[in-house]
Amino acid sequence: MDLQITCILKSSSHGSYEHITPAGNPASQGVWTVEQIIQSIDARQHTFFVRDALTGRRADVGVVRDAGKRPHIRTYADGYWNDNLLSLTSCPWRAAA
């Protein structure tokens with residue numbers, strides 16, 4: 001199934017770095033932890049994407065695995081990794097699923 005992410009929540013910043021905790025889509029009542037998204041992508045159960053609010057262009061969500069760091073999600077569009085996820089609005093719920 002192809003699932004659109006329309007909002008995110010960020011961790012509390014205890015320094016200069018924030019990360020996405022859950023991501024979701026209130027219209028479909030979907031909320032997923034980053035770990036659930038990574039597992040789903042790795043197992044090829046679901047694909048995730050975002051749409052640019054201005055252009056309508058699609059950016060697929062992928063898993064980034066940097067040496068020595070936890071895997072994380074990021075969007076990939078036009079041949080490069082970008083930060084489209086971080087530009088999404090905040091989700092209406094306050095707790096991870």
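Index from 1, following the sequence.
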Look up atom [atom1] in [X] and atom [atom2] in [Y], then write down how far apart they are to the nearest 0.5 Å.
X     : Y     : atom1 : atom2 : value
Thr21 : Lys10 : OG1   : NZ    : 10.5 Å
Leu9  : Leu88 : CG    : CG    : 11.0 Å
Arg74 : Asp83 : CZ    : CG    : 4.5 Å
Ile20 : Leu86 : CD1   : CG    : 5.0 Å

Please find the pair of heavy atoms, one from [X] and one from [Y], that lie closest to each other, and give the distance.
X     : Y     : answer
Ile38 : Pro71 : CD1-O, 3.6 Å
Met1  : Leu3  : SD-CD2, 3.4 Å
Ser90 : Cys7  : C-CB, 4.0 Å
Ile5  : Ala23 : CG2-CB, 3.8 Å

Ignoring hydrogens and angles, tell me if any N or O in the side chain of Asp66 forms a donor-acceptor pair with the backbone of Lys69 under 3.5 Å.
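Not a single qualifying donor-acceptor pair exists.
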If we ignore hydrogens and angles and just use 3.5 Å, is the side chain of Thr75 paired with the main-chain N or O of Asn84 as donor and acceptor?
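A pair under 3.5 Å: yes.
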Do Val61 and Ile41 come within less than 4.5 Å of each other through their side chains, counting heavy atoms only?
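A side-chain contact under 4.5 Å exists here.
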Side chains of Phe48 and Ser40, heavy atoms from C-beta outward: is any pair under 4.5 Å?
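With C-beta onward as the side chain, the pair touches.
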Other residues, nucleotides, ligands: >12 heavy atoms within 6.0 Å of Arg58 CZ
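Counting neighbours around CZ of Arg58, more than 12 heavy atoms of other residues, nucleotides or ligands fall under 6.0 Å, so yes.
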Looking at Arg44, I want to see if its CZ is surrounded by more than 12 non-hydrogen atoms of other residues, nucleotides or ligands under 6.0 Å.
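It does not: Arg44 CZ has 12 such atoms or fewer within range.
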For a side chain to side chain contact (heavy atoms under 4.5 Å, CB included) check, start with the C-alpha distance between Arg70 and Glu35, then their side-chain angles and the critical distance, and finish with the verdict.
CA-CA 10 Å; Arg70 287 179 34 188; Glu35 291 78 15; 3.0 Å; yes
By the rule that ILVMFWY residues connect when side-chain heavy atoms come within less than 4.5 angstrom, directly or transitively, which residues belong alongside Tyr76?
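When side chains under 4.5 Å apart are linked, the cluster holding Tyr76 also contains Val64, Trp81.
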With side chain to side chain contact (heavy atoms under 4.5 Å, CB included) as the criterion, how do Thr47 and Asp60 come out once you've worked through the C-alpha distance, each side chain's angles and the decisive distance to 0.1 Å?
CA-CA 8 Å; Thr47 54; Asp60 292 317; 5.9 Å; no
Restricting to salt bridge (Lys or Arg N to Asp or Glu O under 4.0 Å), what partner residues turn up for Arg51, sequence neighbours left out?
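With neighbours one apart ignored, the set is empty.
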